[in-house]
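Only one structure is covered here, and it is reproduced in the block below.
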Amino acid sequence: MKYTVQSTKYIAKNFWYILPFAIIPAFFFAFSVDKEAIYCALEIFASGDLRGFHFAHLFRAVSVLNFASWQAIVFGAIGIVVLVFCVAMMLALLEKHMRIGKRTYNGLFSKLNDNILSTTGYTLLIVLIYELWSLILSALLFFFSRITIMPIAYTFLIFGFLGMHLLLIYVVGAIYLWLPCMQITGFKSLEALQYSYHLVSKVKWRILIGQIVLLLLAEFLVCTIAVFMPSEIVFILVSTALYAILIMVYCVRMEIAYFDRDNIQRADLVKYYR
């Protein structure tokens, strides 16, 4: 939780500087969320009979590219493309601020040329991992819903859901510092992966606990809004806000953790820098 607390403080102090890089992709991702599929899944879960679950509904409820409609696919794809550019610039801003204490936008576009390839590869890998996870999770929950004894089915469903979340966070945690390692050290991909894993291995669980708590909280809020807020506009606004928070925390914590683990002094913490 150490890095989560530090990230929260950093975001609070520099919120308006990094918000533009998170809010734009978050807006597109919000339009790709399938509110109806989420509501349908929750309704069946609360009914006491899980046999009403359909694999398609489960997948559409958790996937970014959920194939619910062509609009969802388009908005999800645009969100991924925009995310690459925004994360590349956000990390450039964060590195500049933490290295020399300046949080200006000058030079971000020139730095974009250095960051774009590594950010593209890392982002696509994370999306691939998440979509594969969504597919496996949906299949697993659907399989458990076929169990005819409902208490057993619910038990397996709940533990399967939580267990898959732990697996997702664990896999992502193994490559969590890979991107800043490539960008800051200039190492080649495999060398950076090896070095970043060495850095993250001793603090991985600190990062994972904060990450899974935040993820489950965001999912809970999305589900609550889907059930109790029929307004599509409210749902999109809340989803946008949650996505923006997740993106900011993920990137800021990644940079803070890397600076700490690699023993790089942070100039943004020195008071004479402004």
Side-chain angles (χ1 to χ4, degrees), residues 26 29-77 79-80 126-173 205 208-243 245-246 250:
F29 284 136
F31 275 97
S32 72
V33 178
D34 193 332
K35 178 185 175 184
E36 292 183 5
I38 295 173
Y39 182 85
C40 180
L42 292 173
E43 187 177 37
I44 294 171
F45 181 82
S47 69
D49 188 356
L50 298 176
R51 287 172 293 184
F53 272 147
H54 296 285
F55 172 79
H57 283 159
L58 292 169
F59 182 69
R60 284 162 48 188
V62 296
S63 171
V64 174
L65 298 173
N66 54 56
F67 303 100
S69 64
W70 68 266
Q71 293 96 329
I73 298 174
V74 169
F75 279 118
I80 293 171
I126 293 294
V127 171
L128 178 63
I129 290 172
Y130 181 82
E131 289 301 310
L132 180 61
W133 173 83
S134 299
L135 189 66
I136 297 173
L137 174 65
S138 303
L140 193 64
L141 297 184
F142 178 74
F143 174 77
F144 290 150
S145 70
R146 301 301 97 180
I147 299 175
T148 54
I149 304 174
M150 284 300 109
I152 297 177
Y154 271 93
T155 301
F156 275 77
L157 190 84
I158 293 171
F159 279 97
F161 180 81
L162 294 176
M164 285 297 294
H165 277 70
L166 284 173
L167 177 62
L168 173 66
I169 297 302
Y170 183 84
V171 172
V172 173
W205 285 108
L208 298 185
I209 291 173
Q211 189 75 11
I212 196 167
V213 169
L214 186 61
L215 178 59
L216 290 174
L217 178 60
E219 291 177 349
F220 173 77
L221 291 175
V222 168
C223 291
T224 301
I225 297 299
V227 173
F228 296 106
M229 290 288 184
S231 172
E232 190 71 24
I233 295 177
V234 173
F235 182 78
I236 290 174
L237 290 176
V238 173
S239 298
T240 299
L242 290 174
Y243 267 119
I245 291 171
L246 289 174
Y250 189 95

Tell me, do Leu166 and Leu162 make a side-chain contact under 4.5 Å, heavy atoms counted? no

Might you point out which heavy atoms bring Ala226 and Lys35 nearest each other, and give the distance in Å? O-CE, 3.7 Å

State the CG-OG distance between Leu221 and Ser239, to the nearest 0.5 angstrom. 10.0 Å

Apply side chain to side chain contact (heavy atoms under 4.5 Å, CB included) to residues Phe53 and Leu157 and explain how you reach the verdict. CA-CA 12 Å; Phe53 272 147; Leu157 190 84; 4.1 Å; yes

Geometric class of the Tyr243/Phe29 ring pair [parallel <30°, tilted 30-60°, perpendicular >60°]: tilted

Can you tell which of Leu65, Leu135, Leu168 makes a side chain to side chain contact (heavy atoms under 4.5 Å, CB included) with Tyr130? Leu168

According to the interplanar angle, ranging from 0 to 90°, do the rings of Phe55 and Phe59 count as parallel (below 30°), tilted (30 to 60°) or perpendicular (above 60°)? parallel

For Met150 and Gly48, the nearest pair of non-hydrogen atoms, with its separation, is CG-O, 3.6 Å

Heavy-atom neighbours of Phe143 CZ exceed 12 at 6.0 Å: no

When rounded to the nearest 0.5 Å, the distance separating OG of Ser134 from CE of Met164 is 8.5 Å

Criterion side chain to side chain contact (heavy atoms under 4.5 Å, CB included) on Phe161 and Leu140, from CA distance to verdict: CA-CA 9 Å; Phe161 180 81; Leu140 193 64; over 6 Å; no

Can you list the steps and then say if Trp133 with Val172 is a side chain to side chain contact (heavy atoms under 4.5 Å, CB included)? CA-CA 11 Å; Trp133 173 83; Val172 173; over 6 Å; no

At what distance, to the nearest 0.5 angstrom, does CG of Leu237 lie from OG of Ser231? 8.0 Å

Could you pull out the closest heavy-atom pair between Ala30 and Thr240, with the gap in Å? CB-OG1, 3.2 Å

Does any non-hydrogen side-chain atom of Ile38 lie less than 4.5 Å from one of Val33? yes

Within this structure, what is the CD-CD distance for the pair Glu43 and Glu36, rounded to the nearest 0.5 Å? 11.5 Å

How many angstroms lie between atom CD1 of Ile44 and atom OG of Ser145, to the nearest 0.5 angstrom? 8.5 Å

His165 and Leu216: which non-hydrogen atoms are nearest, and at how many Å? CD2-CD2, 3.7 Å

Can you tell me if CD1 on Ile149 sees more than 12 non-hydrogen neighbours from other groups inside 6.0 Å? no

So does Arg51 get a backbone contact from the side chain of Arg146, meaning a donor-acceptor N/O pair under 3.5 Å? yes

Given Phe45, which partner from the list Phe144, Tyr154, Tyr39 fulfils the ring-ring contact (aromatic ring centres under 6.0 Å, His included) test? Tyr154

Taken to the nearest 0.5 Å, the spacing of Ile126 CD1 from Glu131 CD works out to 12.0 Å

For the residue pair Phe156 and Leu50, establish whether any side-chain heavy-atom pair is separated by less than 4.5 Å. no

Give the intermediate values and the outcome of side chain to side chain contact (heavy atoms under 4.5 Å, CB included) for residues Val234 and Phe228. CA-CA 11 Å; Val234 173; Phe228 296 106; over 6 Å; no

